[in-house]
Amino acid sequence: MKKLMPWVALSWALVAWPAAASSLAGAPLAPVEVVTDDYYGTSVADPYRWMESGKDPRWMPWLQGQAAHTDAVLAQLPGRAALLKDIQARSGDQTAYAMVREVGAQTFIQRRDVGAEDPRLYVRTGGQERLLLDPATVLGSPQALDWWQVSPNGRHVAVGLSKRGTEASVLHVVEVASGRLLAPRIAGTDFGAVSWLPDSSGFAYLQFVGEQGTPNYYVNSEIRLHRLGAAGPDRTLVARKRPPVPLQPQEIVSLHFAERSPAAMLVISEGRRESQVYVTDRAALLAGKARWTRVGGYDAQLEGAGLAGEALWLLSTREASNGRLLVTSARRPDLRTARMVALPGQPVIEGFHNTRDGALVRTIEGGQMGLWRVPAQGEPQRVALPFAGSVMVMSTSASSNEAYVALAGWTQPSAVYRLNAQGQVAATGMSSQPAGYDAARYEARTQLATAADGTRIPYTVLSLKGRAAQGPGPLLLEAYGAYGFAAMPFFQTSLASLLDRGGRYVIAHVRGGGEFGRDWHYGGRGPTKANTWNDAIAVAETLVRDRETTPAQLAVMGTSAGGVMVGQAVNTRPDLFAAAVANVGFMNPVRYVSEQNNADIPEWGGPIADAASFKTMFNLDPYQHIRPGTAYPATLVVSGLNDPRAATFHSAKYAARLAAATNSGRPVLLRIDFGAGHGMGSTRTQRDAMWADIYSFVLWRTGDAAFQPAP
């Protein structure tokens, strides 16, 4: 990776950093070794840089001490045991469907069965179902099933298996008839960017070739071709430095084939929603004679692309914040002459999946999603859905217009439906509803807050039906606001256990997300990132004003990229919250250069290459804006040791610095799961325990009597 951090002044010092032992009483204090960096004339101190290497001999003992202390504190909460039992009962009674794909006469189903820890892969033929892959036993030790792709003829499945929580996939090929794992074992296939050749003779795949766990892991990745049964190394299909597709080291590429299409499509990304797109003749590519045609660069703002027969489908947000669909020739693409498909009402286009004769298009329309059948020629048709909520297209087919879709609501568990060629949906009986769950007990209300600049910010309140009439109470506010991700209705089994205890859960649809298209995303991205946490603060103030809660009963949570939101919301208004939860959070953005996952840094205004880009990223860094001597709320920081997306040092450094800075006397707890990562690949037991800890902490610190420890 090219050098991005140009400072030259680097000094080490042992200093007496302020400490507040009461905030972590009983937990080991973190050693302080201040590193001072010079960013274009700005000096920035970092007291816990030593945590970044992961190899310091003090690292594991300190983490273990913190984890043991947090476990002991939470175990003393009177209501936690019953809450955990309740969560476990619901998840244990649930059959959870993750993916359904139909290939010919076979249906492949990824499902976690009642009482099981992990999902398994099944294949169903003619009404008979059998287990195809059990990640707990297939290699003799438990693995996480990261991803899978079925060959067009249904005879083989490429699967990614990894050590739990790492997402460090090793590609295997399963022979469907026998269930055997065939010879290839291809490491560095984390993203599952695999595309089968239409004749099922092999597949193209993206492989990362850098050292795992280092900032160079995603650099100079390669696209290779594997032929089933072939001996020798897989050949490289796309040379990174060969024009007309010159690739920068940090750019990640994926190659796509499609049944019935003569083309191959190359998609190039550097960590933003927009991509570069190229096409070439598939046969020429396989013969080593590719002549790539540029469809559009980053300036075309292409956020989706798909091949369907002779057509190339594209989603562009250029001069169209809500997105527009374009259809052009796959052989001779031309954006200037592409057919533009307009959807009635111009809703936000979230994405599309190609079918034989067109595409299924998912839209965002207010607080819910829509689904449209869009033919290559003719008018779009809305698909009538059984209820308002979220739509996930699980699978489509190049040989039919049918599909499997999953629907979910705020209070309605996910269920799988089959969409027929006439655009009608029918229940399949595959439902993730826990036994005994009654959706009628709960309600979802969407309301509006007004940000300081006058922007109206929607938020959704989930609670027991009628709970609002009972006045203020414990409330957990969450926001994400990054990558243009829209917080649409979802169902989380464990959340019902919080609501059953009178708690309320609120999701704030802040800027930085995609609820209202590209403009909403860019309104909370990079230089405008402060809008994200200020929007969350505006929602919090509205909840207090409307007597949904009080500052003494209000907790705020951010997950992953939402760590920036929660950290900066607390830094800005520590008086507004009784508690905060930073869940696998991105807490120290300016140190992205020390972690594996630095490919998506353009979202945050990086890479840091000059004073302006440094200022952008520094201004949104929660760790660097912690103020000593401030009365911070009680805080639970959650992380997994194997996390490849937000390195553990983000959580550890943040917890250590916050504990040293606060003078409130309220606890700062660091929860570490040494067998987990960012949440992907965690077992049911791991997830249940995590949510029991988070919700117990929230109810404790927001005053629920059942969770107050003995004095």
Side-chain angles (χ1 to χ4, degrees), residues 19-30 48 51 59-81 83-84 474 476 478 498 503 554-560 562-563 566-567 569-571 574 577-585 587-588 622-623 626 630-641 643 646 648-676 679 686-704 707-710:
S22 61
S23 69
L24 274 174
L29 293 177
Y48 302 107
M51 295 184 180
W59 172 240
M60 284 302 295
W62 184 78
L63 283 182
Q64 290 165 347
Q66 290 289 327
H69 171 69
T70 296
D71 289 347
V73 170
L74 297 177
Q76 294 174 8
L77 303 182
R80 183 189 177 277
L83 176 62
L84 175 59
L476 176 59
E478 185 169 14
L498 174 70
L554 175 58
V556 61
M557 180 167 75
T559 297
S560 190
V566 69
V570 166
N571 284 335
F577 307 102
V581 180
N583 182 24
V584 293
M587 311 308 296
N588 187 197
Y623 172 77
I626 293 172
T630 299
Y632 282 105
T635 302
L636 176 64
V637 184
V638 178
S639 186
L641 187 65
D643 196 332
T648 311
F649 76 72
H650 282 281
S651 294
K653 290 174 66 176
Y654 178 76
R657 194 167 195 172
L658 190 69
T662 186
N663 66 3
S664 68
R666 299 168 185 163
V668 176
L669 303 175
L670 177 59
R671 183 193 189 276
I672 299 290
D673 188 327
F674 293 91
Q686 286 175 315
R687 285 190 292 271
D688 289 350
M690 183 193 74
W691 287 117
D693 284 348
I694 289 175
Y695 294 149
S696 294
F697 175 81
V698 167
L699 291 169
W700 169 34
R701 300 312 306 182
T702 57
D704 188 292
F707 288 81
Q708 304 309 305

Does the side chain of [X] reach to within under 4.5 Å of the side chain of [Y], using non-hydrogen atoms?
X: Thr662; Y: Thr630; answer: no
X: Trp59; Y: Thr648; answer: yes
X: Leu670; Y: Ile672; answer: yes
X: Ile694; Y: Met557; answer: yes
X: Leu29; Y: Trp62; answer: no
X: Leu498; Y: Leu699; answer: yes

Exercise. Is it possible for you to check whether Arg657 lies under 6.0 Å from the centre of the six-membered ring of Tyr623, through NZ or CZ, and within 45° of that ring's axis?
Key: yes

Quiz item: Taking only residues at least two apart or on different chains, which pairs with a member in residues 64-80 satisfy salt bridge (Lys or Arg N to Asp or Glu O under 4.0 Å)?
Solution: Arg80-Asp693

[X] side chain vs [Y] backbone, donor-acceptor pair below 3.5 Å:
X: His650; Y: Asn588; value: yes
X: Gln66; Y: Leu669; value: no
X: Ser560; Y: Gly585; value: no
X: Asp704; Y: Trp700; value: no

Self-check item: No-hydrogen, no-angle side-chain donor-acceptor test under 3.5 Å, Tyr632 and Asn663
Solution: no

Quiz prompt | Partners meeting side chain to side chain contact (heavy atoms under 4.5 Å, CB included) with Gln64 (sequence neighbours left out) | solution = Met60, Phe674

